[in-house]
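See below for the structure under consideration.
We number each residue from 1, following the sequence as shown. This structure is a prediction, so every number in the text was calculated from the model and none was measured. Only heavy atoms go into these numbers, but all of them, side chains included; no hydrogens, no water, no symmetry mates.
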Amino acid sequence: KPYEFEAILDSGQLDEWKDKIKYHKAKTPDEVVAKLQKGELGYDVQVIQRRNMISQIRDYDPRDILLEGDLDEIVSHKTLKI
């Protein structure tokens, strides 16, 4: 799938929070992409993405909330208030 988040950031939709968003695009190794295309992997990709995310975690405040997921899995503001 193409990355869409950069376009959303540039669209102005998130300008109110843009200074709080830290976005890191993880590179999926070519051998993993090949296995995905053959239907050999599933959950393994999430593990790779999480490892990449963890390796990028720097300069966060202990009170920060880190969210991981696809754009269609972003938690609603109502849920975050709970």
Side-chain angles (χ1 to χ4, degrees):
K1 291 186 201 179
Y3 286 100
E4 301 292 341
F5 194 65
E6 290 167 342
I8 293 170
L9 277 178
D10 293 339
S11 73
Q13 295 177 54
L14 302 175
D15 282 354
E16 183 178 345
W17 308 279
K18 199 170 184 176
D19 63 324
K20 297 179 180 188
I21 297 171
K22 294 187 181 186
Y23 168 63
H24 305 281
K25 186 185 333 183
K27 169 78 172 107
T28 304
D30 292 337
E31 62 271 11
V32 173
V33 172
K35 287 182 179 182
L36 273 173
Q37 292 171 340
K38 293 178 186 176
E40 295 177 10
L41 295 176
Y43 183 73
D44 294 342
V45 174
Q46 287 183 342
V47 172
I48 292 166
Q49 290 172 333
R50 279 195 196 99
R51 286 180 184 158
N52 282 325
M53 181 182 71
I54 290 168
S55 73
Q56 295 296 320
I57 296 175
R58 299 180 193 97
D59 302 321
Y60 287 93
D61 186 291
R63 297 169 291 172
D64 287 344
I65 297 170
L66 302 177
L67 301 174
E68 177 268 330
D70 293 338
L71 285 178
D72 62 346
E73 297 171 344
I74 292 178
V75 180
S76 75
H77 69 281
K78 292 178 183 176
T79 302
L80 289 173
K81 288 182 180 182
I82 294 176

side-chain hydrogen bond (donor to acceptor under 3.5 Å, both in side chains) filter on Asp64, not counting sequence neighbours, yields none
According to side-chain hydrogen bond (donor to acceptor under 3.5 Å, both in side chains), who are the partners of Ser55, at least two apart in sequence or on a separate chain? none
NZ of Lys18 to CD1 of Ile8: how many Å apart, nearest 0.5 Å? 12.0 Å
Contacts of type side-chain hydrogen bond (donor to acceptor under 3.5 Å, both in side chains), residue Asp61, not counting sequence neighbours: Arg63
To the nearest 0.5 Å, atom CG of Leu14 lies from atom CG of Asp19 at 11.5 Å
